[in-house]
Novice: 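One structure, pasted below without further comment.
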Amino acid sequence: MEIKVKKNVLGKNDRLAAEIRKYLSEKGIFAINLISSPGAGKTTILEETCARLKDKLGIAVVEGDITTTRDADRIARHGVPVHQIETQGACHLDARMLENALEHLDLDKVDLLIIENVGNLVCPATFDLGEDAKIVVLSVPEGDDKPAKYPGIFRRAKVLLLNKIDLLEISGFDKEKALRDLAEINPDITVFETSATKGTGMDEWCQWLADRVAEKKKK
Ligand SMILES: Nc1nc2c(ncn2[C@@H]2O[C@H](COP(=O)(O)OP(=O)(O)O)[C@@H](O)[C@H]2O)c(=O)[nH]1
Ligand SMILES: [Mg+2]
């Protein structure tokens, strides 16, 4: 019974996500769903991304958190349109929440939609939001065993941002081991080593995004 209920919920979510994907595609918008544990650096990466790309592309951001508008406030300071979803306890965003959030944003001049999911490596992995790409952020202090222990999100992601690379020396993080495990789970994933606070790898990451936006426009 419980399995059936879960299947129905996911089926309903997938149908709405497919509608959102079609709607965004018709508008030529490239959408990413940013997923990580709490504190891996998602919002800092977004702030750096907005600072680099906001004069070149139309950007809109949807923030997901259990409560508070703190992340949306951080993004708004960059002059980028943002809407905060407060899930009131839910550990992930779903397509219905995103659909509601999109009504608060003017998408007419938007090329890139960035969704920051609730901090969690498990639940957000299975809920499609209609994005073009899931982007997973793993920060070095979380440990090199995370790809092997949470394979679902690493399998579904198009890009891994290996963040807080500035802490590599002091953290004992075995980068080769983590990347070996990752290659077994998802050989096609693109990896950027980043330090959002120092700016390392941010230009390369933003170039990847700009290239995807340009590709989407051509379709
Ligand atoms: N050392 C270091 N700290 C970082 C980096 N990126 C983010 N942080 C810090 O990590 C903490 C959590 O960052 P935040 O962006 O709020 O993470 P989120 O919860 O994933 O959105 C903050 O104190 C950031 O300043 C990084 O590349 N290196
Ligand atoms: Mg955040």
Side-chain angles (χ1 to χ4, degrees), residues 31-54 59-78 80-94 97-98 101 105 112-125 127 129 131 133-144 146-147 149-150 152-154 156-157 159-175 178-179 190-209:
I32 62 168
N33 181 0
L34 204 57
I35 297 171
S36 80
S37 300
K42 296 181 295 304
T43 312
T44 313
I45 289 168
L46 283 195
E47 291 185 85
E48 289 301 307
T49 303
C50 288
R52 281 171 174 74
L53 291 179
K54 70 177 180 188
I59 304 178
V61 175
V62 173
E63 284 291 342
D65 269 305
I66 287 175
T67 187
T68 82
T69 60
R70 290 183 188 197
D71 282 3
D73 296 343
R74 285 167 65 183
I75 299 299
R77 273 183 228 130
H78 294 266
V80 168
V82 57
H83 182 75
Q84 179 82 47
I85 301 171
E86 291 182 71
T87 66
Q88 310 298 343
C91 57
H92 61 87
L93 297 181
D94 62 31
M97 295 177 199
L98 180 63
L105 292 165
L112 173 64
L113 174 68
I114 306 178
I115 306 152
E116 178 178 342
N117 219 310
V118 180
N120 185 325
L121 274 182
V122 184
C123 315
F127 277 81
L129 301 179
E131 73 277 344
K134 288 183 172 59
I135 311 293
V136 62
V137 183
L138 172 64
S139 66
V140 156
E142 292 168 63
D144 49 39
K146 296 303 170 291
K149 288 171 77 172
Y150 299 87
I153 181 55
F154 291 93
R156 291 177 178 92
V159 171
L160 164 68
L161 299 176
L162 184 55
N163 195 39
K164 307 196 186 181
I165 204 74
D166 54 294
L167 302 179
L168 196 61
E169 299 295 315
I170 56 162
S171 67
F173 185 96
D174 185 339
K175 194 171 79 179
L179 294 179
T190 299
V191 179
F192 294 103
E193 295 180 15
T194 61
S195 169
T197 45
K198 293 199 185 307
T200 316
M202 282 292 127
D203 289 339
E204 291 79 0
W205 153 243
C206 287
Q207 189 59 53
W208 183 92
L209 272 178

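For ligands, and for the atoms within them, numbers begin at 1 and follow the listed sequence. In this chain, numbering begins with 1 at the start of the sequence shown.
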Novice: Is atom OH of Tyr150 surrounded by more than 12 heavy atoms (other residues, nucleotides or ligands) closer than 6.0 Å?
Specialist: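 No, because the 6.0 Å sphere around OH of Tyr150 holds 12 heavy atoms or fewer from other groups.
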Novice: Between Leu46 and Glu63, does the side chain to side chain contact (heavy atoms under 4.5 Å, CB included) criterion hold? Intermediate values first, please.
Specialist: CA-CA 10 Å; Leu46 283 195; Glu63 284 291 342; 3.6 Å; yes
Novice: State whether the shortest distance between N or O atoms of Ile165 and N or O atoms of ligand 1 falls below 3.5 angstrom.
Specialist: no
Novice: Who gets closest to atom 10 (O) of ligand 1 by heavy atom: Met202, Glu193, Lys42, Lys164?
Specialist: Lys164
Novice: What residue among Leu162, Leu121, Leu34, Asn33 forms side-chain contact (heavy atoms from CB on, under 4.5 Å) with Val136?
Specialist: Leu121
Novice: Identify, by atom number and element, the atoms of ligand 1 in contact range of Ala196, meaning under 4.0 Å from any of its heavy atoms.
Specialist: 6 (N), 26 (C), 27 (O)
Novice: Considering only non-hydrogen protein atoms, determine which one is nearest to atom 19 (O) of ligand 1 and report residue, atom name and distance to 0.1 Å.
Specialist: Gly39 N, 2.8 Å
Novice: With no hydrogens and no angle check, do the side chains of Ser139 and Asn163 hold a donor and an acceptor under 3.5 Å apart?
Specialist: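 No pair is found: no donor N or O on one side chain lies under 3.5 Å from an acceptor on the other.
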Novice: Any nitrogen or oxygen of Leu167, side chain or backbone, less than 3.5 Å from one on ligand 1?
Specialist: no
Novice: Please work out, at 4.0 Å between heavy atoms, whether the side chain, the backbone, both, or neither of Lys198 comes within that distance of ligand 1.
Specialist: neither
Novice: With atoms numbered from 1 as shown, which atoms in ligand 1 lie under 4.0 angstrom from a non-hydrogen atom of Thr44?
Specialist: 7 (C), 13 (O), 14 (P), 15 (O), 24 (C)
Novice: Mark up the atoms of ligand 1 that fall under 4.0 Å of a heavy atom belonging to Thr43, in ascending order.
Specialist: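 The atoms of ligand 1 under 4.0 Å from a heavy atom of Thr43 are 15 (O), 21 (O).
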Novice: Please tell me if the side chains of Arg52 and Asp203 come closer than 4.5 Å, counting only heavy atoms from C-beta onward.
Specialist: yes
Novice: Have a look around the Mg ion (ligand 2) and list protein N/O/S atoms under 2.8 Å, or say none.
Specialist: Thr43 OG1, Asp71 OD2, Glu116 OE2
Novice: What protein heavy atom sits nearest atom 26 (C) of ligand 1, and how far away is it?
Specialist: Thr197 OG1, 3.2 Å
Novice: Taking atom 12 (C) of ligand 1 as the reference point, report whether a protein heavy atom occurs under 4.0 Å from it.
Specialist: yes
Novice: For Asp166, take its heavy atoms, then give the atoms of ligand 1 lying under 4.0 Å from any of them.
Specialist: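 Matching atoms, with element in brackets: 1 (N), 2 (C), 26 (C), 27 (O), 28 (N).
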Novice: Does this structure show an ion pair linking Asp71 with Arg74, if we count only N-O contacts that are shorter than 4.0 Å?
Specialist: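 Arg74 and Asp71: salt-bridged.
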Novice: Which of these passes side-chain hydrogen bond (donor to acceptor under 3.5 Å, both in side chains) with Trp205: Thr194, Thr49, Thr200?
Specialist: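 For Trp205, the side-chain hydrogen bond (donor to acceptor under 3.5 Å, both in side chains) check succeeds only for Thr49.
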Novice: Just jot down the side chain to side chain contact (heavy atoms under 4.5 Å, CB included) partners of Leu179, sequence neighbours excluded, or say none.
Specialist: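 Side chain to side chain contact (heavy atoms under 4.5 Å, CB included) list for Leu179, sorted by chain: Lys175, Leu182, Val191.
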Novice: Under 4.0 Å from a heavy atom of Gly41: give me the atoms of ligand 1 that qualify, with their elements.
Specialist: 7 (C), 13 (O), 14 (P), 15 (O), 17 (O), 18 (P), 20 (O)
Novice: Can you name the one residue among Ile35, Thr44, Ile45 that meets side-chain contact (heavy atoms from CB on, under 4.5 Å) with Val137?
Specialist: Ile45
Novice: Does ligand 1 have a heavy atom under 4.0 Å from the side chain of Arg74, from its backbone, from both, or from neither?
Specialist: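 Within the 4.0 Å criterion, Arg74 contacts ligand 1 through side-chain atoms alone.
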Novice: For ligand 1, which atoms, with element, lie under 4.0 Å from some heavy atom of Glu116?
Specialist: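 Matching atoms, with element in brackets: 21 (O).
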Novice: Should Asn163 be counted as touching ligand 1, given the test is an N or O pair under 3.5 Å?
Specialist: yes
